[in-house]
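By convention in this document, chain letters (A, B, ...) are assigned in the order of the sequence lines, proteins followed by strands, and residues within each chain are numbered from 1.
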Amino acid sequence: MDPQELLSLCRRRGFLWPAYDIYGGLAGFYDYGPLGSLLKNNIESHWRKLYVFEEGLHELVCPIIAPEPVFKASGHLDAFADMYAECRQCGESHRADHLADGLHENPAALSEEELGRILEENAVKCPACKGDLSPPRRFNLMFKTSVGAGSAKAGYMRPETAQGMFVNFPQIYRHGREKLPVGAVQIGRAFRNEISPRQGVLRLREFSQMEAEVFFHPERKTWPRFDKVKHEVLPLVPNDGSPAALSLAEAVSSKVIANEALAYFIWLTHRFAIDVGLDPERIRFRQHEKDEMAHYAAECWDLEAETAYGWVELVGIADRGCYDVQAHLKHSGADLTAFERFDEPREVVSEEVKPKYDAMGGQFKGKTKALAERLSALAPDVVRGKSEIVVEVDDERFAVPSTCFEVVTRTEKAAGEKFVPHVIEPSYGVDRILYSVLEHAYRKKDDYLTLTLRGIMAPIKAGVFPLMPKDSMDRIALEVYDVLVAEGISAHYDESGSIGRRYARMDEVGTPCCITVDHQTVEDGTVTIRDRDSKEQARIGVDEVVRWVRSVVKGDSPGPDGGFETAEKRGN
RNA sequence: GCGGCUGUAGUCUAGCGGUUAGGACUGAAGCUUCCCAAGCUUUAAGCCCGGGUUCAAAUCCCGGCAGCCGCACCA
């Protein structure tokens, strides 16, 4: 299919449109229209149902803007930027760190100045035309802003929602009653100043993420419900090229997937993908190549969907190790560790050098305190068996005899230990998921368009029509509509044009069923209810409508009690 | 960011220096005992923005913006 056809449907029917259109637009920014907003909400609600309600992770809403140190610590300030050198002759720009490959161990880690010097010293020229290059210039993908007036602080728009959860680890940990694993989730906007956004909503500069950060003991990366799913076989594409028709348990035991927790969230992501209506035949989990991983990741699997643009990454499930928490611990000085009790308090036996102050005092006078401190800092093995130790204090060397210190054994009881938790992060791109859901639901038959959205995803759950807006059919139809809306079901009333046109309008936006009030309704209180995909109709009582629509929306069957009446069942 | 192509109602499109800028679908109002985009009447809605050339620009030129395709990029 041509993605332009789908994007034109999206514009026409109020799913998506380019933002700021009357001012010429702004590349990389889209508006969600009325139906797009409903669909986006449905995707997010279902994700929340899985991650918050079922898995018990804690939802946060953190600010979009963060002060510079946050991204200094996370590595985004340095690693989230590329350096470019432009050719003065042909104008082509090149990745400056790539040009220095082989000239330095790790060109990407250099500053602009250092890299520029290396390129100059080695007389590196433009690979395209051999022209002279400009000095490297750093382009950071984060949007920068300033916070406050006057001596304003530098702030950045978050490039992922994740950092807000890492910096809140102590609060999350406490809220989770100090047990691991514990996790936080966040649904919100993130910003990346992409160099060339394109392909509709697949690469936006402002986009929505649904992220979970799940904190683990480094040696126990498993999940309580893993056992329930361990025999499932998912479409895995490991990075060693082996096609893996393995169950999750086999994949973990053969090290194809690093741990059970990662495997569980791959399963959960698969379930989510199926629930929102992605085609099972057009999704897969691809393991990142070693050189493909983000600066923080130790292991990563992507959920990819096949679209008109090729295989597109919708979800990244990464084992971030302790990278982020460790980084914030180091930069902020805050205690971001978790504590684990030992089963039994353990005796921790340690040796240390203990100065004998009474022996030292007379000999070293005012230097005693400083000398004692130096001695305590020494490793026991350094002093053991020595008759004297030479210690330097204030540029003066002192020979301290062994009578002035001893090696003592200290036994302490430890109830447990502190450690920096590891993080497994499922990170979902809402806009890409939404696009893929639409594309996988897109059906075109003789110019008749239908979105076969699943009931839980459909922006409108039911269309309600009078066959004709007269003879009290319109009044009854409005009553049916009111009942549905009162039940919290999004419905759409339409009395204009022919009945076929109204069905078509609903089919095109993926409404799973339509209820029509006709002459017979006036006589016996029954209505027809029509199924979008089969176009079959059933005749049911007005009082059954809510129950029927609910059942259709749940998506398991085309209606209760055996579903729609087919031509076969009618006997013709 | 570089190069190529493109920009006409909500959507698809005709136009190729002088047009009241035409059509189709869609939308709206109405008619039609109307169950799968039927028909009829009425109606709304457009030359991406800015400059230039010309007596005259949707049309030619330049710049910007946006879209598509390649390259690069996608932490």
Gap in Å between the two P atoms, one belonging to rC68(B) and one to rA29(B), rounded
35 Å
Can you tell me, in whole Å, how much space there is between the P of rC61(B) and that of rG4(B)?
14 Å
Using atom P in both nucleotides, what's the gap between rU42(B) and rC47(B) to the nearest angstrom?
25 Å
What contact category does Gly316(A) fall into here, base, sugar-phosphate, or nothing, at under 4.0 angstrom with non-hydrogen atoms?
nothing
Separation between the C1' atoms of rU13(B) and rC31(B), rounded to whole Å:
31 Å
Only pairs with both distances under 3.5 Å count, Watson-Crick or wobble alike; so what is the partner of rU20(B) in this structure?
none
Within the modelled atom types, does a donor on one side and an acceptor on the other bring the side chain of Arg530(A) and the base of rC36(B) under 3.5 Å apart?
yes
Between Val420(A) and Cys322(A), what is the shortest heavy-atom contact and its length?
CG1-CB, 3.8 Å
Is rC2(B) paired to anything, Watson-Crick or G-U wobble with both distances less than 3.5 Å, and if yes, which nucleotide?
rG70(B)
What protein N or O atoms touch nucleotides 4-11 of chain B N or O atoms at under 3.5 angstrom, if any, and at what distances?
{"from": "rU11(B)", "atom 1": "OP1", "to": "Arg11(A)", "atom 2": "NE", "distance (Å)": "3.4"}

Got a donor-acceptor pair under 3.5 Å from the side chain of Glu194(A) to the base of rC74(B)?
no
If you go through the side-chain atoms of Tyr503(A), does one of them form a donor-acceptor pair with the base of rC35(B) closer than 3.5 Å?
yes
Rounding to the closest angstrom, what is the interatomic distance between rG18(B) and rU54(B) at atom C1'?
12 Å
Tell me the partner of rU59(B), counting only Watson-Crick (N1-N3 plus N6-O4 or O6-N4) or G-U wobble (N1-O2 and O6-N3) with both under 3.5 Å; none if nothing fits.
none
Whom does rA14(B) pair with, Watson-Crick or G-U wobble, provided both distances fall under 3.5 Å?
none
When rounded to the nearest Å, what value does the distance between C1' atoms of rA21(B) and rG63(B) take?
26 Å
Expressed in whole Å, how much space separates the C1' atoms belonging to rA56(B) and rC16(B)?
16 Å
For Leu26(A), which residues count as a side-chain contact (heavy atoms from CB on, under 4.5 Å) partner, sequence neighbours excluded?
Tyr20(A), Phe29(A)
Under 4.0 Å between any heavy atoms, over every strand shown, what does Tyr448(A) touch: base, sugar-phosphate, or nothing? Just pick one.
base
Ser498(A) vs rA38(B): side-chain N/O to OP1/OP2 distance below 4.0 Å:
yes
If the C1' atom of rA58(B) is compared with that of rG22(B), how far apart are they to the nearest Å?
13 Å
Between protein and nucleic acid, restricted to nucleotides 39-49 of chain B and to nitrogen or oxygen atoms under 3.5 Å apart, what atom pairs and distances do you find?
none

Which part of the nucleic acid, if any, lies within reach of Glu313(A) when heavy atoms closer than 4.0 Å are counted: base, sugar-phosphate only, or nothing?
nothing
